[in-house]
Amino acid sequence: MGSEIGLGAEHESPDEAAATADILATILAQMDHDHPPGVRPVRRDQPPKAHGCVRAEFVVGDDVPGPLRHGLFREPGVYSAWVRFSSASTRVVPDSKRDAHGMAVKVLGVAGDKILPEERDETTQDFVLANSPVFFVRSAADNAQFVKAFTQGRATSFFLAWNPLRWRLHELKNLLRATRQRVFNPLQIQYWSQTPYRLGPHVVKYSARSLSAKSDRAAVSSGPNALEEAMVRQLKAGNAAFSFMVQRQVDPVRMPIEDPTIVWDEALSPFVKVATIRIPPQTFNSEEQKNFAENLSFTPWHALTEHRPLGNANRIRRAVYQGVSTHRHTLNQAARHEPSGDEQF
């Protein structure tokens, strides 16, 4: 079976294009419902609540193992970056409510051909991560079904249908794993890509693991933006850092491409460090900087060809992220462009 699947092999299902179109149409309809004319700005559909978008350095050292020296990791270098930390909920909710969390990294000054034709000459490379190693939807068809159920306010029915033979307990466990964690500071936890990517001839998943010397053990306040406050406190005089790592696919069955609900076993293939994300002391919560961050677009398809996203979840993202971002910027009458790193606030 392993030889039939093959390392790095993708298998697009016949219904994927229709499912992707259905997902995009459902999300755009929900955005228009939530933001009728006069209700502006139009927020991201997911995730709308940011805890902070900070300046950083993405440092590729000279100790990257030879087999992993591809794309951004080919040569040592220090790149400017923007890193956005957020909650995953589609609604802006108080930070006291447990939720999944995201870390989106936009590396600047990255030369080379990019995947998206309309952005062939852009100089950004994105990495989109979450605080759980797995996703909670297996396929394009399931993704479309979940999005429709969610927007209709009956998400539970996706996991627990009236027929117990159709229950999705594995997927529900993955969702709870992400949303029930206690997080007190987004700068002090680990994030994963959940989905696979090319790395030259290899297939990998990414992870960013906090290198903070200490961990907050309680919320800094009872306010609705306690996670932003925790970041402000840490970066007021101190710094933060993450070890950026890759995990190679070595078994196509136990480390599948098309099923992002399966954890890739680190006993088979451990994560290996390829870079460091350094976040220096800074003030990042001005309204001007928040507005700048609100207009940024993050997608794993802002990428060098050597880092091509793989699997059904990523293929769906290509169309959906593009469509949602374009629609949001059009409604907000905001220009859609990649940052240069020269922004001043």
Side-chain angles (χ1 to χ4, degrees), residues 40-44 47-62 71-86 102-129 186-187 191 206 208 228 231-232 234-242 244 274-307 321-322 324-326 328-345:
R40 298 293 184 269
V42 178
R43 299 288 182 182
R44 303 167 191 267
K49 183 174 184 178
H51 307 308
C53 188
V54 300
R55 295 182 186 272
E57 290 183 330
F58 193 93
V59 183
V60 179
D62 58 6
L72 183 59
F73 314 120
R74 183 180 300 276
E75 300 289 344
V78 179
Y79 302 86
S80 296
W82 286 104
V83 183
R84 181 179 187 263
F85 296 91
S86 63
M103 175 184 185
V105 182
K106 188 178 290 291
V107 186
L108 310 175
V110 180
D113 285 346
K114 303 307 188 296
I115 296 170
L116 298 177
E118 65 273 20
E119 298 180 359
R120 181 70 67 191
D121 298 322
E122 293 287 358
T123 58
T124 52
Q125 165 74 46
D126 289 6
F127 299 103
V128 179
L129 313 170
L187 298 171
Y191 301 86
Y206 303 121
E228 177 183 320
M231 291 178 57
V232 168
Q234 181 168 343
L235 296 180
K236 184 175 182 180
N239 57 18
F242 290 83
F244 193 84
V274 291
T276 301
I277 299 172
R278 298 194 302 225
I279 302 173
Q282 61 190 278
T283 300
F284 60 86
N285 58 341
S286 70
E287 285 305 311
E288 187 180 10
Q289 186 160 335
K290 288 182 178 181
N291 290 334
F292 160 77
E294 185 63 27
N295 286 322
L296 289 179
S297 292
F298 293 90
T299 168
W301 292 90
H302 284 157
L304 293 164
T305 55
E306 295 95 328
H307 296 287
Y321 281 24
Q322 177 80 6
V324 168
S325 178
T326 298
R328 182 170 68 92
H329 282 79
T330 298
L331 292 177
N332 287 334
Q333 298 183 340
R336 185 172 179 267
H337 58 80
E338 290 295 275
S340 65
D342 297 326
E343 295 81 13
Q344 299 296 323
F345 303 105

Using the side-chain contact (heavy atoms from CB on, under 4.5 Å) criterion, which residues pair with Arg74? Sequence neighbours excluded. His70, Glu306
Mind checking what makes salt bridge (charged side-chain N to carboxylate O under 4.0 Å, His left out) contact with Glu228, not counting sequence neighbours? Lys290
Nearest heavy-atom pair of Phe242 and Pro186: which atoms, and what distance? CZ-O, 3.9 Å
Could you list the residues that satisfy side-chain contact (heavy atoms from CB on, under 4.5 Å) with Gln289, not counting sequence neighbours? Trp82, Phe284, Ser286, Phe345
Going by the rule side-chain hydrogen bond (donor to acceptor under 3.5 Å, both in side chains), which residues pair with Tyr206 if we only count those two or more places apart in sequence or in a different chain? His307
Please check: side-chain N/O of Arg40 versus main-chain N/O of Leu331, any donor-acceptor pairing under 3.5 Å? yes
Under the side-chain hydrogen bond (donor to acceptor under 3.5 Å, both in side chains) rule, collect the residues that match up with Thr124, sequence neighbours excluded. Glu338
By side-chain hydrogen bond (donor to acceptor under 3.5 Å, both in side chains), Thr123 pairs with (sequence neighbours left out) none
Listed by chain and number, what are the salt bridge (charged side-chain N to carboxylate O under 4.0 Å, His left out) partners of Glu343, not counting sequence neighbours? none
For the atom pair NZ (Lys106) and OG1 (Thr299), what is the distance rounded to the nearest 0.5 Å? 8.5 Å
State, to 0.1 Å, how close Cys53 and Leu296 come at their nearest heavy-atom pair, and which atoms those are. SG-CD1, 3.9 Å
Where do Gly52 and Met231 come nearest, in terms of heavy atoms and distance? CA-CE, 4.2 Å
Which residues pass the ring pair (Phe, Tyr, Trp, His ring centres under 6.0 Å) test with His302, not counting sequence neighbours? none
Could you report the tightest heavy-atom contact between Ile277 and Ala56, atom names first, then the distance? CG2-CB, 4.1 Å
Heavy-atom closest contact (Val42 atom, Asn332 atom, distance): N-OD1, 2.6 Å
What closest approach, in Å, do Met103 and Ala208 show between heavy atoms, and which atom pair accounts for it? SD-CB, 3.9 Å
State, yes or no, whether a side-chain contact exists between Val54 and Phe85 at a heavy-atom distance under 4.5 Å. yes
Identify, with sequence neighbours excluded, every residue that meets salt bridge (charged side-chain N to carboxylate O under 4.0 Å, His left out) alongside Arg278. Glu57
By side-chain hydrogen bond (donor to acceptor under 3.5 Å, both in side chains), which residues pair with Glu118, not counting sequence neighbours? Gln322
Atom pair CG (Leu187) and CD (Gln234), whose distance is rounded to the nearest 0.5 Å: 4.5 Å
In Å, rounded to the nearest 0.5 Å, how long is the span from CG of Asp126 to CZ of Arg84? 12.0 Å
Set of side-chain contact (heavy atoms from CB on, under 4.5 Å) partners for Thr305, sequence neighbours left out: Ile115, Arg120
List the residues meeting side-chain contact (heavy atoms from CB on, under 4.5 Å) with His329, not counting sequence neighbours, and say none if there are none. Asn295, Ser297, Ser325, Ala334, Arg336
Side-chain heavy atoms of Pro281 within contact of Leu235, under 4.5 Å: no
Ignoring hydrogens and geometry, is there a side-chain-to-backbone donor-acceptor pair from Glu122 to Lys114 under 3.5 Å? no
Of the options Tyr79, Phe298, Phe244, Trp301, which is the one that meets Phe127 in a ring pair (Phe, Tyr, Trp, His ring centres under 6.0 Å)? Phe244
